[in-house]
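Some notes on the structure that comes next.
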Amino acid sequence: MPSTGRPDQKPRLYLLGAGVSFPEHLTLRTLDILAACNRICSNLPQSDLDLLPSNLRSKCRSLWSIYQENRNRTENYMDVSQAVLQAADTEPPVAWLTPGHPLIFDSVSQNLLKSGRARGWNVEVEPAISCVDTILAEVGYDPANGLLIYEAYALVMQRLPIIPSSATLLLQPSAFGSDLTHYQSQWAPDLSPLRDYLLRYFNSAHPCAFVRSHSLRGAAPQICWKPLGELASASAQDTAGSTLFVPSAQSAGSAGQQQGAP
Ligand SMILES: C[S@@+](CC[C@H](N)C(=O)[O-])C[C@H]1O[C@@H](n2cnc3c(N)ncnc32)[C@H](O)[C@@H]1O
C-alpha cells in the first residue's frame, strides 16, 4: 500500500484540470494555486498556455513535445510523468495542468499521484470541469437515470458489462484498437468490434452520438448521430477528440428530444 503523503505538509505537487474550454473553464481556486506555484508543467500546447496572464505564462513549461507521434502511449506518459516529478523535486511547489478533470482518464495524473505519494509528498488534487460534464450538457442528459463510463477499447477487450437501462459514455473512440499516439495524423479507427459488442445489448437502429464539446476559443460543439448498425462508417473527423454517447434502450425511442437524438 503506497503512502498517502503528508497532509500536514504544504503540497509539493498539485494536479490541476484545465477544463474543456480553455482558459474560460479554469476555476478561481486553480488560478490561485497556479499563481502560488514556482513551475507549471502542462500537456497543453504552448499556443494554449500563451492565453494565460503573463504572471502565469512565464512559469509555464509545455511538455507537449515529449508526446511522440506513433509511439506507444504508455511510454509517452511515463516520460512526461518523469519530467513533472523532476520539476517537483527541484522547484516545488509545482502544478501539473492537464485537460478536463485531472483524475478522469488521465494516466499521467495517476502516475504522479502514486509516485508522488510513494515519495511521501503531499500531492493535492483539485476538481475541474471534465468532458463528462460538458457532454451531459450537450446531450441534455441527467445521470440520475443511470450512467456508465468506460474507455471504448477497454469495454470490448475486457468484455465489460453494459446496462441497457442506463446511458453509457465511451471515451477515446478515436484511439480504438491502437496503443499508439495519433495526435497529428488523421488515423481512422475500425469501430466494427465496438459496434458488434454494443449490438449484443441494443438493436441496430439504436441511436448513438459522437459528441465533441466546444473546446478551445469557442470552437462549435459537434454532435454526430448514427444508428448503431452504422457506427463503423464514422469518419476520422467524426471521431477525433469525441466521446460516444449511447442512450439507454428505454429512452432511445421516445427520448430523442430529451437526449438530443435526431
Ligand atoms: C485522455 S481523456 C482526458 C479526459 C479529460 N481528463 C476530461 O476530464 O475531460 C481524452 C478523452 O476525453 C474525451 N474528451 C476530451 N475532450 C473532449 C471534448 N471536448 N468533447 C468530447 N469528449 C472529449 C474524449 O473521449 C477523449 O478521447
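For ligands, and for the atoms within them, numbers begin at 1 and follow the listed sequence. Reckoned from all heavy atoms, side chains included, excluding hydrogens, waters and symmetry mates.
Side chains of Asp238 and Ser235: a donor on one and an acceptor on the other come within 3.5 Å.
For ligand 1, the protein residues placed under 4.0 Å by at least one non-hydrogen atom are Val20, Pro99, Gly100, His101, Ile104, Phe105, Ser130, Cys131, Ile135, Leu171, Gln172, Val211, Arg212, Ser213, Gly241, Ser242, Thr243.
Take Tyr150 and apply the ring pair (Phe, Tyr, Trp, His ring centres under 6.0 Å) test, not counting sequence neighbours, and it matches no residue.
Side-chain contact check for Cys224 versus Gln237: every heavy-atom pair is 4.5 Å or farther apart. Counting heavy atoms from C-beta outward, Val80 and Trp96 have side chains that approach closer than 4.5 Å.
By the neighbour-count criterion of 12 heavy atoms within 6.0 Å, atom CG of Leu160 is densely surrounded, having more than that number from other residues, nucleotides or ligands.
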task: For side chain to side chain donor-acceptor pair (under 3.5 Å), just list the numbers for Asp106 and Gln110, CA-CA rounded to whole Å, side-chain angles, deciding distance to a tenth of an Å, and then say yes or no.
output: CA-CA 6 Å; Asp106 192 309; Gln110 276 299 329; over 6 Å; no
